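Whatever order the structure lists them in is the order used to number ligands and atoms, beginning at 1. Quick note: numbers below take in every heavy atom, side chains included, and nothing from hydrogens, waters or symmetry partners. Throughout, numbering of the chain's residues begins at 1 and tracks the sequence. Computed from a predicted structure; not experimentally measured.
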Amino acid sequence: MSEGKSTNKTVFVLNGPNLNLLGIREPEIYGADTLDDIAGQLEDQSHGLGLDVDIRQSNHEGHLVDWLHEAAADEAQAVILNAGALTHTSIALHDAIKAIDVPVIEVHLSNPAAREEFRHKSLIAPVAKGTICGFGALGYQLALDAAQKF
Ligand code: DQA
């Protein structure tokens with residue numbers, strides 16, 4: 001280690017539209033935890049796993065595309081991606097995941113298959129390494145445990 005810099009591999013945790021409102025947005029569906037709460041849990045967990053986490057949120061599709069490219073350029077261990085509603089619409093995110101050589105774990109707090117029809121199709125799922133959904137904030141922690149094994 002030089003200059004006190006971590007040599008741990010990084011897991012990018014990317015969150016899409018409206019996930020900045022976690023905690024106040026439909027808590028009966030998405031739970032009471034804020035994104036900051038989830039970030040704190042993941043940071044604590046990452047220390048025990050020998051990983052670093054880089055947790056980001058944007059309401060803009062292009063930012064998520066750029067961050068997927070950045071994860072590849074940084075040779076990230078994995079990406080945990082909750083693309084929010086873009087899950088169901090974004091060919092750009094589908095293509096970006098396909099273009100990079102980093103495993104992407106798709107996460108959803110809710111279980112989209114048990115909700116409205118328009119949430120049943122994921123454009124992320126066919127290019128993700130796997131999907132974790134329906135377990136609330138715990139899903140992010142399960143994904144981080146999985147990412148450590150890659
Ligand atoms: C979500 C599910 C999506 O259908 C929805 O648009 C979201 C959140 C989830 O975490 O359950 O914004 O990705």
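The two residues L123 and H94 come nearest to each other via the heavy atoms O-ND1, 2.8 Å. In plain terms, the two heavy atoms of P17 and L64 that are nearest each other are CD-CD1, 4.4 Å.
Between N111 and R115, every side-chain heavy-atom pair lies at or beyond the 4.5 Å cut-off.
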Write out each pair where an N or O from ligand 1 and one from the protein are under 3.5 Å apart, with the distance.
unit_1, atom_1, unit_2, atom_2, d
ligand 1, 4 (O), H88, NE2, 2.7
ligand 1, 4 (O), R119, NH1, 3.0
ligand 1, 6 (O), A85, N, 3.1
ligand 1, 6 (O), R119, NH1, 3.0
ligand 1, 10 (O), N82, ND2, 2.9
ligand 1, 10 (O), L109, N, 2.8
ligand 1, 11 (O), L109, N, 3.3
ligand 1, 11 (O), S110, N, 2.9
ligand 1, 11 (O), S110, OG, 2.6
ligand 1, 12 (O), R25, NH1, 3.2
ligand 1, 12 (O), R25, NH2, 3.0
ligand 1, 13 (O), N82, OD1, 2.8
ligand 1, 13 (O), H108, ND1, 2.8

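Following chains of ILVMFWY side-chain contacts shorter than 4.5 Å, one can reach I55 starting from L51, so the two form part of one hydrophobic cluster.
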Can V11 and V79 be said to form a side-chain contact (heavy atoms from CB on, under 4.5 Å), step by step?
CA-CA 6 Å; V11 175; V79 174; over 6 Å; no

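Side-chain atoms of Q57 and N59 form a donor-acceptor pair, as typed in the model, at a separation below 3.5 Å.
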